[in-house]
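Since this is a predicted model, take the numbers as computed values, not measurements.
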Amino acid sequence: QPHLVESGGGWVQLGESLRLSCVTSELSLDQYTISWFRQVPGREREKISCIGVDGSTFYADSVKGRFTISRDNAESTVYLQIADLSREDTAAYYCAAQRLSTCIQGTVMHYWGNGILVAVSS
């Protein structure tokens, strides 16, 4: 059973940068598209970024310009670099995998990580 484990979260100061990692195991990352989601209590989980096997990327309008997704198949890891953190970035962040070659909106994720909290303080 494939596993995805997020890391790199925690308390950060307003305006700082952060890099989240999604380490995968028991799957061939070069065959999976990886997405990042975030969720604030009381609100729906939001898809914020995606990177395809083909290297194509997707960013939600809410994060475009500040978030950068990348992948290192050799390290079985996908990264989400976040710049200029704001209070609105406080959320639980999840990575998820799909056996697809490219990012397609509205499709079901096959595997999920347990999530990691990012909390931005002033």
Participant: Looking at S49 and F58, would you say the former's side chain and the latter's main chain have a donor-acceptor pair under 3.5 Å?
Facilitator: yes
Participant: Do Q1 and E26 touch side chain to side chain, with heavy atoms closer than 4.5 Å?
Facilitator: no
Participant: Do side-chain atoms of E6 reach the backbone of L20 as a donor and acceptor pair under 3.5 angstrom?
Facilitator: no
Participant: How long is the span from the CH2 atom in W11 to the OG1 atom in T90, to the nearest 0.5 Å?
Facilitator: 7.0 Å
Participant: Give a yes or no on whether V23 and L80 share a hydrophobic cluster (residues Ile, Leu, Val, Met, Phe, Trp, Tyr; joining criterion: side-chain heavy atoms under 4.5 Å apart).
Facilitator: no
Participant: Can you name the closest pair of heavy atoms from S21 and T77 and give their distance?
Facilitator: CB-CG2, 4.1 Å
Participant: Using the side-chain contact (heavy atoms from CB on, under 4.5 Å) rule, take L4 and Y94 through it: C-alpha gap first, then chi angles, then the decisive distance, then the call.
Facilitator: CA-CA 9 Å; L4 289 78; Y94 300 85; over 6 Å; no
Participant: Measure the spacing between OG of S76 and OH of Y32 and express it to the nearest 0.5 Å.
Facilitator: 12.0 Å
Participant: Can you check whether G52's main-chain N or O pairs, donor with acceptor, with R71's side chain at less than 3.5 Å?
Facilitator: yes
Participant: Go through the structure and list residues passing salt bridge (charged side-chain N to carboxylate O under 4.0 Å, His left out) with R66, not counting sequence neighbours.
Facilitator: D89
Participant: Taking all heavy atoms of P2 and all of L27, pick out the closest pair and write down the distance.
Facilitator: CB-CD2, 3.6 Å
Participant: Please check if the side chain of T33 supplies one atom and the backbone of L100 the other of a donor-acceptor pair under 3.5 Å.
Facilitator: yes
Participant: Answer yes or no: does atom CD of E44 have more than 12 heavy-atom neighbours from other residues, nucleotides or ligands under 6.0 Å?
Facilitator: no
Participant: Side chains of V118 and R38: closer than 4.5 Å at any heavy-atom pair?
Facilitator: no
Participant: For S101 and V53, indicate whether the former's side chain and the latter's backbone hold a donor-acceptor pair under 3.5 Å.
Facilitator: no
Participant: Distance check, rounded to the nearest 0.5 Å: C95 atom SG versus Y79 atom OH?
Facilitator: 12.0 Å
Participant: Please name the pair of heavy atoms, one in C22 and one in I34, separated by the smallest distance, quoted to 0.1 Å.
Facilitator: SG-CG2, 4.5 Å
Participant: Calculate, to the nearest 0.5 Å, the distance between atoms CE and CZ belonging to M109 and R45 respectively.
Facilitator: 10.5 Å
Participant: For the CZ atom of F67 and the CD1 atom of I82, what is their distance to the nearest 0.5 Å?
Facilitator: 4.0 Å
Participant: Quick check: is L14 connected to V63 through a chain of hydrophobic side chains (ILVMFWY, heavy atoms under 4.5 Å apart)?
Facilitator: yes
Participant: Looking at every non-hydrogen atom in both residues, tell me the closest pair between L18 and G8 and how far apart they are.
Facilitator: CD1-O, 3.2 Å
Participant: Decide if atom CG of N73 counts as having more than 12 heavy atoms of other residues, nucleotides or ligands within a radius under 6.0 Å.
Facilitator: yes
Participant: Just do the side-chain contact (heavy atoms from CB on, under 4.5 Å) check on S122 and R87 with the steps written out, would you?
Facilitator: CA-CA 8 Å; S122 57; R87 292 185 187 85; 3.1 Å; yes
Participant: Side-chain contact test, heavy atoms from C-beta onward, threshold under 4.5 Å: evaluate it for L29 versus V78 and give yes or no.
Facilitator: yes
Participant: State the OG1-NE2 distance between T24 and H3, to the nearest 0.5 angstrom.
Facilitator: 11.5 Å
Participant: If you define the side chain from C-beta out and look only at heavy atoms, does anything of Y59 sit under 4.5 Å from I69?
Facilitator: yes
Participant: Listing request: all side chain to side chain donor-acceptor pair (under 3.5 Å) pairs with a residue in residues 102-113, at least two apart in sequence or in separate chains.
Facilitator: D54-T102, S56-T102, Q98-T107
